[in-house]
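Below is one structure, written out as structure tokens; the observations come after it.
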Amino acid sequence: MELTWVCTQKILRCGRASLLFRTRLPQIVGGADSLRECYLQGAQALERYAEETLLPQLERTIAEAPRRNRLHATVPTLELLCDGTIVEDRWISLTLTRRFIAEQEEVCCDYRVWDGKTGLLCPIERFLEPREGRRYCRWSFFLQEGEVWGISAKKGGNNPDSTPRRIGKMKNLPMHS
């Protein structure tokens, strides 16, 4: 199994407003194709959101700005960037970062671990003992160098400000599970 990246970049326009849309998505060679499709559908949904919501808002902002400010407007950037690794030639640990760079930068990260052979999302209990994993978000975690990193359930898994912390060593898993 091999993990490669497909990068795209395009400019979306609506009237005078424009937006640079960048993606970096995974492609798994010798693994489940459903993973690539999942992230591709996410990118298409984010692009539709940019065209239907962000660009009209930017257009209104430009229309309401004084003429001299319009001349020095910058092109905002919307990025969907994926990074990750293959662990033990079976598990795919991915970090998906959504970043909107305009007047100020907004960043949101999602962490997921997938079974590369079946294409199924893995819960944290697969990699930790149940008593260790119950204090952390079940679906938002990642694997790095034999360690499991997760987000505390007390902080909330959907909170973009939650920083992952090292939970413990990954338990030994049989390859056929």
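Position 1 is the first residue of the sequence, and the numbers go up from there.
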Least distance between heavy atoms, [X] atom then [Y] atom:
X	Y	result
Val6	Gln27	CG2-OE1, 3.1 Å
Gly42	Leu80	C-CD2, 4.3 Å
Leu94	Pro26	CD1-CG, 4.1 Å
Val75	Leu20	CG1-N, 3.7 Å

> Is Ile101 reachable from Leu96 through a run of hydrophobic residues whose side-chain heavy atoms are each under 4.5 Å from the next?
Replying inline: no

Side chain to side chain donor-acceptor pair (under 3.5 Å) partners for [X], two or more places apart:
X	value
Ser18	none
Glu125	Arg138
Arg24	Asp83
Glu147	Arg166

Nearest-0.5 Å distance, [atom1] of residue [X] to [atom2] of residue [Y]:
X	Y	atom1	atom2	answer
Leu78	Leu19	CG	CG	5.5 Å
Thr163	Trp149	OG1	CH2	10.0 Å
Glu105	Glu79	CD	CD	8.0 Å
Arg22	Leu81	CZ	CG	8.5 Å
Leu35	Leu40	CG	CG	12.5 Å
Thr23	Gln44	OG1	CD	10.0 Å

> Which residue pairs pass the salt bridge (Lys or Arg N to Asp or Glu O under 4.0 Å) test with at least one member in residues 47-59, sequence neighbours excluded?
Replying inline: Lys10-Glu47, Arg16-Glu59

> Which residue pairs satisfy the salt bridge (Lys or Arg N to Asp or Glu O under 4.0 Å) criterion with at least one member in residues 28-39, sequence neighbours excluded?
Replying inline: none

> Given Met170 and Val87, is the side-chain contact (heavy atoms from CB on, under 4.5 Å) satisfied, shown in steps?
Replying inline: CA-CA 11 Å; Met170 189 173 94; Val87 179; 3.9 Å; yes

>> Looking only at the side chains, is there a donor atom on one of Ser93 and Thr85 sitting less than 3.5 Å from an acceptor on the other?
In response: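 No pair is found: no donor N or O on one side chain lies under 3.5 Å from an acceptor on the other.
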
>> Could you work out, with salt bridge (Lys or Arg N to Asp or Glu O under 4.0 Å) as the rule, every residue matching Arg13, not counting sequence neighbours?
In response: none

The criterion is side chain to side chain contact (heavy atoms under 4.5 Å, CB included); which residues satisfy it with [X], sequence neighbours excluded?
X	value
Ala102	Pro76, Phe100
Thr97	Thr95, Arg99, Val107, Cys109
Tyr136	Ile124, Arg165, Ile167
Leu121	Arg112, Trp114, Trp139

>> Suppose we screen for ring pair (Phe, Tyr, Trp, His ring centres under 6.0 Å). Which residues come up paired with Phe21, at least two apart in sequence or across chains?
In response: none

>> side-chain contact (heavy atoms from CB on, under 4.5 Å) for Ile92 and Met1? Distances and angles first, verdict last.
In response: CA-CA 10 Å; Ile92 302 170; Met1 191 169 13; 3.9 Å; yes

> Going through the distances and angles, do Tyr111 and Val113 end up as a side-chain contact (heavy atoms from CB on, under 4.5 Å)?
Replying inline: CA-CA 7 Å; Tyr111 308 100; Val113 176; over 6 Å; no

Compare all side-chain heavy atoms of [X] with those of [Y] and state whether any distance is below 4.5 angstrom.
X	Y	answer
Arg60	Pro56	yes
Asp115	Trp91	yes
Phe141	Phe127	yes

>> With a 6.0 Å cut-off (strictly less than), is the heavy-atom count around CD of Glu145, excluding the residue itself, greater than 12?
In response: no

